[in-house]
Amino acid sequence: MKDSSFQSAVDISVVVPCYNEEVALPSFYREITRIFNQLEENQRDITEEILFVDDGSVDSTALVIKNLSQKDRRVHYIIFSRNFGKEAALLAGLQKAKGSYVVTMDADLQDPPGLIPYMLEAVRSGEFDCAGTQRITRKGEPLVRSFFARRFYRIMARFTDIEVVDGARDFRLMSRLYVDAVLSFRERGRFSKGIFPWIGFKTKWFEYENIQRTAGETKWSFWKLFLYSLDGIIAFSSKPLAIASVCGIFLFGLSIACIIVIIIQKFLFNASVEGWASTACIMLFCSGIQLFTTGILGQYLAKTYTEVKQRPHYVVREERL
Ligand code: UDP
Ligand code: MG
């Protein structure tokens with residue numbers, strides 16, 4: 001890990017995770033260099049770098065990036081040996097970025113690069129350590145996805161002590177101190193949306209309306225998002241583990257109540273208890289709950305297993321830094 005005494009070779013690094021973005025990259029590059037020119041107009045000696053992280057794309061993303069880097073010395077890249085996921089790509093970018101300020105953003109121009117000068121100003125003033133961005137609308141997104149996204153933020157708020165900001169994007173500008181704090185998280189199951197609020201510091205929020213992708217398509221299916229949100233809950237909360245105990249106590253209470261009812265029926269009204277159907281239902285209900293809670297336990301065990309193995313977060317095939 002780089003420490004805070006680390007002497008930055010560049011002022012601002014822009015880290016861009018890319019997975020099958022060959023069509024989006026040319027317009028992204030055009031836009032970001034336009035912003036660089038704008039920054040240079042204000043401060044002539046400012047130095048920038050773009051660090052593309054190719055997350056095992058199967059199209060010609062790597063080739064496009066290499067061509068850009070031959071043309072422009074500010075363009076650097078890391079190419080993974082396969083697809084390791086956006087979290088791994090972000091981590092690699094943050095680890096290898098050289099800037100005193102580091103921006104992370106998507107390649108599809110859903111994160112407006114025009115905000116960067118304002119974000120830089122906020123963090124440079126020293127008042128904030130990070131500038132974050134937040135979507136205030138979910139226009140153009142499928143309704144079911146928006147609904148579950150909202151539920152997810154509710155559950156996170158209830159289950160964890162950290163405040164995951166609704167609609168917060170991965171588009172951020174961070175100071176070196178902030179980046180080092182993010183990098184001090186050594187865990188494999190990385191969930192950035194939780195790491196940022198966990199480390200604290202002061203964040204200035206910039207809001208904007210949802211912008212549709214310029215080209216290409218989203219890499220997130222509903223199922224992938226669902227699993228990702230489960231990862232987040234497990235990474236930052238152990239409350240689901242308590243579900244087993246709560247269910248146990250509840251069922252214990254229920255069984256006592258049933259026993260009392262049966263005794264009263266037997267001795268006061270001399271009624272016999274009948275029916276195998278009710279017994280079968282009770283058995284199904286209890287074994288269902290047992291399997292459900294064992295499943296939760298299994299999730300935590302599986303996560304612990306991956307953490308203990310200490311495998312690398314990613315494997316690099318080629319890089320130019
Ligand atoms: N991405 C990545 N690895 C993946 C999936 C996505 O590096 O396995 C990148 C992708 O190229 C893009 C960013 O992460 O730059 C966000 O992905 P996407 O636009 O598909 O997500 P959305 O904006 O729809 O949430
Ligand atoms: Mg996107």
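None of the values given here were measured: they were computed from a predicted structure. Indexing begins at 1, ligand by ligand and atom by atom, following the structure's order.
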Side chain of Asp55, backbone of Gly85: donor and acceptor closer than 3.5 Å? yes
Pairs touching residues 135-163 that satisfy ring pair (Phe, Tyr, Trp, His ring centres under 6.0 Å), sequence neighbours left out: Phe148-Phe222
Residue Asp108 vicinity, atoms of ligand 1 by number, heavy atom under 4.0 Å: 19 (O), 23 (O)
Indicate yes or no for a side-chain donor-acceptor contact from Glu40 to the backbone of Asp45 under 3.5 Å, with no hydrogens or angles considered. no
Can Asp106 and Arg169 be said to form a salt bridge (Lys or Arg N to Asp or Glu O under 4.0 Å), step by step? CA-CA 9 Å; Asp106 290 3; Arg169 305 265 316 158; 3.2 Å; yes
For atom 3 (N) of ligand 1, grab the closest protein heavy atom and report residue, atom and distance to one decimal in Å. Asp55 OD2, 2.6 Å
Counting non-hydrogen protein atoms only, what is the nearest one to atom 8 (O) of ligand 1? Give residue, atom name and distance. Asn83 ND2, 3.1 Å
Nearest-neighbour protein heavy atom for atom 23 (O) of ligand 1, which is reported as residue plus atom name and distance: Gln110 OE1, 2.7 Å
How close does the nearest protein non-hydrogen atom get to atom 12 (C) of ligand 1, and which residue and atom is it? Glu21 OE2, 3.3 Å
Atoms of ligand 1 close to Cys18 [distance to a heavy atom under 4.0 angstrom, numbered from 1]: 7 (O), 11 (O)
Could you check atom 16 (C) of ligand 1 against the protein and tell me its nearest heavy-atom contact, residue, atom and distance included? Asp106 OD2, 3.1 Å
Check ligand 1 against Gly85 and write out every atom of the ligand that is under 4.0 Å from a heavy-atom position of the residue. 3 (N), 8 (O)
Give yes if a backbone or side-chain nitrogen or oxygen of Lys224 is under 3.5 Å from a nitrogen or oxygen of ligand 1, and no if not. no
Is a donor from one side chain sitting under 3.5 angstrom from an acceptor on the other, for Glu21 and Thr61? no
Please say whether Ala89 places an N or O atom under 3.5 Å from an N or O atom belonging to ligand 1. no
How far is atom 6 (C) of ligand 1 from its nearest protein heavy atom, and which residue and atom name does that atom have? Lys219 CG, 3.6 Å
When you measure from atom 15 (O) of ligand 1 to every protein heavy atom, which one gives the shortest distance, and what is it? Pro17 O, 2.8 Å
State whether the side chain of Ser57 and the backbone N or O of Asp59 hold a donor-acceptor pair below 3.5 Å, judged by distance alone. no
Would the distance check show the side chain of Thr160 and the main-chain N or O of Ala157 forming a donor-acceptor pair, the cut-off being under 3.5 Å? no
Thr133 side chain vs Phe171 backbone, donor-acceptor pair below 3.5 Å: yes
Please report the number of protein N, O or S atoms that lie less than 2.8 Å from the Mg ion (ligand 2). 2
Strictly distance-based, threshold 3.5 Å: is any side-chain N or O of Arg320 a donor or acceptor partner for the main-chain N or O of Val75? yes
Might you confirm whether atom CD of Glu121 has over 12 heavy atoms from other residues, nucleotides or ligands at distances under 6.0 Å? no
Charged N to carboxylate O under 4.0 angstrom, Asp231 versus Lys303? yes
In the protein, what heavy atom is nearest to atom 1 (N) of ligand 1, and what distance, to one decimal place, separates them? Tyr19 CB, 3.8 Å
Do Gln110 and Tyr208 have a side chain donor and acceptor closer than 3.5 Å? no
